[in-house]
> 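The structure is given below, and queries will be raised subsequently.
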2 protein chains.
Amino acid sequence: MPFFIKSLIQNSYILRELDITKSCCILLSGLAFRSKVVGDGGRQILSVHVPGDMLDLQHAFLGVADHSIQMLTAGDVAYVPAKAVQDLAFAYPAIGRAMWLETLIEGSIFREWIANIGRRDARTRVAHLLCEIAVRLQSAGLMTGNRYELPMTQEQIGDATGLTTVHVNRTFQALHKEGLITRDKRAIEIRDWNALSAAGDFRASYLHPDNPNGFAPVFGGTFVELPIKDGMLASAT
Amino acid sequence: MPFFIKSLIQNSYILRELDITKSCCILLSGLAFRSKVVGDGGRQILSVHVPGDMLDLQHAFLGVADHSIQMLTAGDVAYVPAKAVQDLAFAYPAIGRAMWLETLIEGSIFREWIANIGRRDARTRVAHLLCEIAVRLQSAGLMTGNRYELPMTQEQIGDATGLTTVHVNRTFQALHKEGLITRDKRAIEIRDWNALSAAGDFRASYLHPDNPNGFAPVFGGTFVELPIKDGMLASAT
DNA sequence: CGGAACCTTGAAAAATGTCAAATCCGGTGG
DNA sequence: CCACCGGATTTGACATTTTTCAAGGTTCCG
């Protein structure tokens, strides 16, 4: 399959709203996020991505980008012509199936975000986001013990949860005071997984952790699937 | 293709959260919606569906339902075994492609909802929802002039927009006072499409109205694709 | 050392939610 | 046909959450 790999610095755009693309990306290393800008200038972050995620099947099929994708940290991205991806999907049902599955799982995550933002209060939303990121980083092998490097500013966390920077800050302080997390710069340490996932109304099942995930290996990326840490998915039903 | 059609009454469940299904549905007539219940008992409506929509590709592939689907009005639904749908998708690329497209468009709609709920105020959210429903009913041939029957209670509209019933009520009154809509029971008349879509920060492009949609005809449903009414999609870019 | 981006704080304002009661409205049974 | 019932809508007063604004404080990096 034809493809090329590009190293991108922090904050660089993989794709901008309204771009017309003819290729499809796979995140090999680093983190990325999708976002949309609304009429009054506000930004909403739509999802966060870890190595192994396919980043724009949408655009390979739909043409015009309806949102932007940006690097959260520096990292590598593999670009594959949309046509090649489509051909591959239809020539090899196993691959087509895997891609479709990834699309469906992503839909499941979007739905959970709608529920998170629409029907939970600030504390619950933030705790939920921290849990989701923990599980995804874990499955991408990016957790060290119960601590991870969260390379998002509080403003970005606000944009992901539908809150303001100031309120995110206060919410973090509250979660800290309650003993659920400890912060050291951008690093988050989860002090009490059960309490945090309860506070965040978090059940990992919407991430469909049992389904295969990660296309990076195909491209010689560094992605390695690590075993899920004890207790991390315990609350999944 | 093996399938059977079932008539469902208002509010009946097509699928409940945690159900394990082996079939896939297509909405032939009537309206339906997806929803999720969060920890404190709140409900979030995730999407609204019109005749022609496929209702649970997710579950055909992922197994366990991560949300519920319920009829908003009485209507007919075609059930197709998941296996048959999958076989069909891989045997006939054109069909597989169409289904995948539908999945991707649905993803685009979910993303817009995240932005709507996360970053817009009450008035904008409600106006946006009214616009989206107008466009979708229009393309399903369910609009009469600039008026449509919206079979959702104000509580359901609140659950779809992340607001309370009371606030939805007041927001409706405001939209009415401003001359954007008129209400008669559950019917909504759009007095000024341009003003309403501006108020709702609505651009139809995320619905990808140019892409083929609607599987109902395959099953002998009553779905007919009507031409888009003048001006209705004018704000699409 | 200085600047820029990010984080933190406080006080006040605004948006939205809560609660409880009143009203409307369509359907049902007498 | 009428009275009544239950769900839905509307209203008012009030509480709470979240935002806004503005100012310091911190950290990182050149």
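Every chain is numbered from 1, with letters handed out A, B, ... down the list of sequences. Computed from a prediction, not measured in an experiment: that's the story for all the values here.
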> Report yes or no: do A:His128 and A:Glu112 form a side-chain donor-acceptor pair below 3.5 Å?
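Yes, A:Glu112 and A:His128 have a side-chain donor paired with an acceptor closer than 3.5 Å.
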> If you find the nucleotide of DNA chain C closest to A:Asn11 and the one closest to B:Ala122, which residue's nucleotide is nearer the 5' end?
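That would be A:Asn11.
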> What's the closest nucleotide to the A:Leu163 side chain, out of D:dT9, D:dT19, C:dG17?
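Of the options given, the side chain of A:Leu163 lies nearest D:dT19.
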> For A:Arg186, answer base if it contacts any base atom (sugar-phosphate contacts may also be present), sugar-phosphate if it contacts only those atoms, and nothing otherwise; contact means non-hydrogen atoms under 4.0 Å.
sugar-phosphate
> Between B:Arg203 and B:Asp201, does any NZ, NE, NH1 or NH2 come within less than 4.0 Å of an OD or OE carboxylate oxygen?
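Judged by the 4.0 Å cut-off on N to carboxylate O distance, B:Asp201 and B:Arg203 do form a salt bridge.
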> In whole angstroms, how far is the P atom of C:dT18 from the CG atom of B:Asp40?
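The distance from CG of B:Asp40 to P of C:dT18 comes to 9 Å, rounded to the nearest Å.
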> If you only use heavy atoms from C-beta on, which nucleotide in D:dG12, C:dG17, C:dG10 is closest to the side chain of B:Arg170?
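Given the options D:dG12, C:dG17, C:dG10, the side chain of B:Arg170 is closest to D:dG12.
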> Are A:Arg183 and C:dC6 close enough that a side-chain N or O sits under 4.0 Å from OP1 or OP2?
no
> To the nearest angstrom, how far is A:His167 atom NE2 from C:dT9 atom P?
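Whole-Å distance recorded here is 15 Å.
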> Counting C-beta onward and ignoring hydrogens, is there a side-chain heavy-atom pair between A:Arg136 and A:His49 closer than 4.5 Å?
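A:Arg136 vs A:His49: side chains touch.
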> For C:dG26, take OP1 and OP2 only and decide whether either is under 4.0 Å from a side-chain N or O of B:Lys185.
yes
> Where the side chain of A:Thr153 is defined as all heavy atoms beyond and including C-beta, which of C:dG17, C:dC6, C:dT8 is the nearest nucleotide?
C:dC6
> Between C:dC6 atom P and A:Ile157 atom CD1, what is the distance in whole Å?
12 Å
> For B:Leu175 and D:dT10, give me the distance from atom CG to atom P, rounded to whole Å.
13 Å
> Can you tell me if B:Asn169 touches the phosphate of D:dT9, counting only side-chain N or O atoms and a distance under 4.0 Å to OP1 or OP2?
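False: B:Asn169 side-chain N/O out of range (4.0 Å or more) of D:dT9 OP1/OP2.
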> Any salt bridge linking A:Arg120 with B:Asp40? Criterion: basic side-chain nitrogen under 4.0 Å from a carboxylate oxygen.
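B:Asp40 and A:Arg120: not salt-bridged.
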> Starting at CD of A:Gln10 and ending at C1' of D:dC29, how long is that distance when rounded to a whole Å?
13 Å
> Remember a base hit wins even if backbone is also touched, and classify B:Gly42 as base, sugar-phosphate or nothing at under 4.0 Å, heavy atoms.
nothing
> Mind calculating the distance between CZ (A:Arg119) and C1' (D:dT17) to the nearest angstrom?
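So the two atoms are 15 Å apart, to the nearest Å.
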> Any heavy-atom pair between the side chains of B:Thr124 and A:Val38 that's under 4.5 Å?
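SC-SC contact between A:Val38 and B:Thr124 ruled out.
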> Between D:dT9 atom C1' and B:Ile188 atom CD1, what is the distance in whole Å?
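Taking atom C1' of D:dT9 as the reference, CD1 of B:Ile188 is at 13 Å.
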> Name the nucleic acid region contacted by A:Gly158, choosing base, sugar-phosphate or nothing; use a 4.0 angstrom heavy-atom cut-off, strictly under.
nothing
> Distance check needed: C:dG10 C1' versus A:Gln173 CD, whole Å only.
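Interatomic distance, CD of A:Gln173 to C1' of C:dG10: 12 Å.
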> Quick check on D:dG7: is either OP1 or OP2 less than 4.0 Å from any side-chain nitrogen or oxygen of B:Gln154?
no
